[in-house]
There are 2 protein chains.
Amino acid sequence: MAEGGSAQSGESLLFLTDEQLRKGIEAMFFAYRGFTADPDRILENYSYGRAHHRAIHFIHRSPGTTVNNLMSILGVTKQSLNRVLRTLIEDGLVESRVGPRDKRERHLYLTEAGATLEQELSDAQRARMRAAYRAAGPEAVAGFRQVLEAMMDPEQRRHYAALKDAGS
Amino acid sequence: MAEGGSAQSGESLLFLTDEQLRKGIEAMFFAYRGFTADPDRILENYSYGRAHHRAIHFIHRSPGTTVNNLMSILGVTKQSLNRVLRTLIEDGLVESRVGPRDKRERHLYLTEAGATLEQELSDAQRARMRAAYRAAGPEAVAGFRQVLEAMMDPEQRRHYAALKDAGS
DNA sequence: GATTTTATGTCAGCCTTGTTGACTTTCCAA
DNA sequence: TTGGAAAGTCAACAAGGCTGACATAAAATC
């Protein structure tokens with residue numbers, strides 16, 4: 001399928017060819033493997049999986065978040081999430097407190113042990129990210145983030161943006 | 001913390017802060033969901049999964065590839081790959097030919113039906129990629145690719161590069 | 001020619017992590 | 001007060017990873 005459409009008024013649209021798009025697709029595939037490789041290795045030692053990592057990450061980012069909210073951020077069913085949370089709670093990495101206002105809700109927090117594992121995982125993941133950022137340079141990083149953001153579904157982008165400024 | 005992602009004279013390293021790295025990590029997470037969303041929807045109609053998509057993609061990219069080669073590109077075991085290939089062959093989407101030189105090898109090709117599904121899947125995935133590329137612009141796309149490439153493990157980068165120029 | 005290595009396929013069984021369905025508890029509104 | 005919705009839990013199933021063991025055929029080596 002050719003690109004066609006708009007005229008090339010000065011600005012070349014060569015970066016929109018199927019060939020370029022395919023390269024981008026394959027880059028995403030291979031890069032995502034690298035992206036998860038380091039945490040995956042660490043998680044093996046604890047017999048946890050990626051799902052545990054994701055839960056830990058976002059509980060760390062939004063302490064006190066509810067199961068419902070976490071569900072919608074992670075894009076999994078509450079049953080999937082519940083299984084992961086149950087093991088994390090049993091193992092003393094996550095604490096679940098009954099909601100003060102609405103007792104149906106459970107508010108989630110990392111324990112000290114949970115925060116320690118979170119640190120170990122994110123240190124590893126950031127190290128790779130840092131190396132990649134440094135190798136590519138600040139302009140490339142800005143472009144990287146722009147394209148990724150444009151690739152998200154609107155709902156994902158909402159979640160992303162909601163987290164975006166939380167720590168500033 | 002201020003946002004400015006652009007480079008400052010004197011080589012500011014603000015783009016390497018933990019905060020910036022964390023945003024990149026979350027962007028990867030949310031973007032990857034968007035990246036796979038459209039093909040996933042299509043695959044449901046055929047009761048296939050992402051594993052089938054990956055196999056189909058790389059067989060399309062490298063017609064005649066062997067099982068062994070595909071295994072190493074996809075980074076899965078032969079048992080995992082075999083399960084997927086078996087169903088694709090049974091369903092007439094993939095053809096497996098005994099190697100002409102080395103008769104131990106099986107060379108994999110898409111059938112016409114396989115090529116049709118490949119087209120449907122990659123059209124959907126490219127459409128999203130094209131929209132993201134167009135929204136972000138050529139400079140951003142260049143940066144996007146640079147960072148992703150830097151994020152890969154060396155072996156993944158080898159595979160990526162080997163595919164890179166094949167179709168040009 | 002005999003032996004070893006390589007490429008592939010298959011069976012069995014396990015794990016993680018998705019899913020749906022059924023259920024309880026809690027809250028809220030008619 | 002009663003019925004529905006919302007939050008969370010339990011049970012069972014499926015996809016797709018994994019390992020291990022074993023079979024076959026062909027290639028490579030001794």
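Within every chain, numbering begins at 1; the chains are lettered A, B, ... in the order of the sequence lines, protein sequences first and strands thereafter. Side chains are part of it too, since the values below use all heavy atoms of this structure and drop only hydrogens, waters and symmetry mates.
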Check your understanding: Reading nucleotides 25-30 of chain D from the 5' end, what letters show protein touch, with B for base, S for backbone sugar-phosphate only, - for no heavy atom under 4.0 Å?
Key -> BBS---
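- Under 4.0 angstrom from either OP1 or OP2 of dA7(C) there lies no side-chain N or O belonging to R106(B).
- I59(A) and M71(A) end up in the same hydrophobic cluster when Ile, Leu, Val, Met, Phe, Trp and Tyr side chains are linked at under 4.5 Å.
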**Study point:** Base versus backbone protein contacts along nucleotides 14-19 of chain D [heavy-atom cut-off under 4.0 Å; B, S, -]
**Key:** --BBBB
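- The interatomic distance linking R86(B) (CZ) with dT8(C) (P) rounds to 16 Å, in whole Å.
- Between N68(B) and the phosphate of dT8(C), there is a side-chain N or O to OP1/OP2 separation shorter than 4.0 Å.
- Taking atom CG on L43(A) and atom P on dC15(C), their separation rounds to 17 Å, with Å as the unit.
- Side-chain atoms of T87(B) and H52(B) include a donor-acceptor pair closer than 3.5 Å.
- A heavy-atom distance below 4.5 Å is not found between the side chains of H159(A) and Q156(A).
- Using modelled atom types, no side-chain atom of R97(B) and backbone atom of E95(B) make a donor-acceptor pair closer than 3.5 Å.
- For the residue pair R54(B) and L74(B), the shortest heavy atom distance occurs at CB-CD2, 3.8 Å.
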Practice item. Given side chain to side chain donor-acceptor pair (under 3.5 Å), test D91(A) with Y46(A) step by step and report yes or no. Key: CA-CA 10 Å; D91(A) 296 351; Y46(A) 300 85; over 6 Å; no
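- Atoms CE (M71(A)) and P (dT17(C)) sit 18 Å apart, rounded to a whole Å.
- dA7(C) atom P lies 16 Å from atom CG of N82(B), rounded to whole Å.
- Within a 6.0 Å radius of CD in E112(B), other residues, nucleotides and ligands contribute 12 heavy atoms or fewer.
- The interatomic distance linking E105(B) (CD) with dA7(C) (P) rounds to 7 Å, in whole Å.
- Between D40(B) atom CG and dT17(C) atom P the separation is 17 Å, expressed in whole Å.
- Annotation: F144(B) is not in aromatic contact with F15(A) [ring centroid separation under 6.0 Å not met].
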I'd like a table of donor-acceptor pairs (distance under 3.5 Å, sequence neighbours excluded) in which one partner is a side-chain atom from residues 35-44 of chain A, with atom names and distances.
| residue | atom | partner | partner atom | Å |
| --- | --- | --- | --- | --- |
| T36(A) | OG1 | Y32(A) | O | 3.2 |
| T36(A) | OG1 | R33(A) | O | 3.3 |
| T36(A) | OG1 | R50(A) | NH2 | 3.2 |
| D38(A) | OD1 | R41(A) | NH2 | 2.6 |
| D38(A) | OD1 | R128(A) | NH2 | 3.2 |
| D38(A) | OD2 | R128(A) | NE | 2.8 |
| D38(A) | OD2 | R128(A) | NH2 | 3.4 |
| D40(A) | OD1 | R50(A) | NE | 3.3 |
| D40(A) | OD2 | R50(A) | NE | 3.2 |
| D40(A) | OD2 | R50(A) | NH2 | 2.8 |

